Amino acid sequence: MASKSGKLTSDHFKTWPKEVYFPNVGLSNVLLVDSWTVHCPSAVEEVKLTNKEITLKIIPKGSTGKIQPLDVFGFRVRKNYVRHFSDSVILMNEELNLHLRNNIIKL
């Protein structure tokens, strides 16, 4: 269920806890999410199973570099690669629209 824009919506986020997280955790657990608005507590509450006790913890804004190493070391490398590739396409005057989702996926 991909979005046309390629961006995660709250409906997309609700699919993950409902279909992946809740069926695979015990009756009492902690769910740690970042502070991005899509990951809001109300989205989790809407899909929470009644027999599960969920403690929702939210990572504070501005703490990415300290506690989310994939954002710093993994995704940053990919974003830099995409930016370098995008700059090269622009400099070579190629007819490739990198704002289209399918063209980015092809990278």
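Source: prediction; values computed, not measured.
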Stepwise, does the side chain to side chain contact (heavy atoms under 4.5 Å, CB included) test hold for Leu31 with Thr55?
-> CA-CA 6 Å; Leu31 177 58; Thr55 302; over 6 Å; no
Can Ile59 and Leu32 be said to form a side chain to side chain contact (heavy atoms under 4.5 Å, CB included), step by step?
-> CA-CA 7 Å; Ile59 297 170; Leu32 179 66; 3.6 Å; yes
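Remark: the backbone N or O of Phe22 is paired with a side-chain donor or acceptor of Lys52 at under 3.5 angstrom. Under the 3.5 Å distance criterion, the side-chain polar atoms of Asn29 are matched with a main-chain donor or acceptor of Gly26.
A continuous path of Ile, Leu, Val, Met, Phe, Trp and Tyr side chains, each step under 4.5 Å between heavy atoms, connects Val25 with Val20, placing both in one hydrophobic cluster. Residues Leu27 and Tyr21 fall into different hydrophobic clusters, defined by Ile, Leu, Val, Met, Phe, Trp and Tyr side chains chained together at heavy-atom separations under 4.5 Å.
For the residue pair Pro17 and Pro23, the shortest heavy atom distance occurs at O-CD, 3.8 Å.
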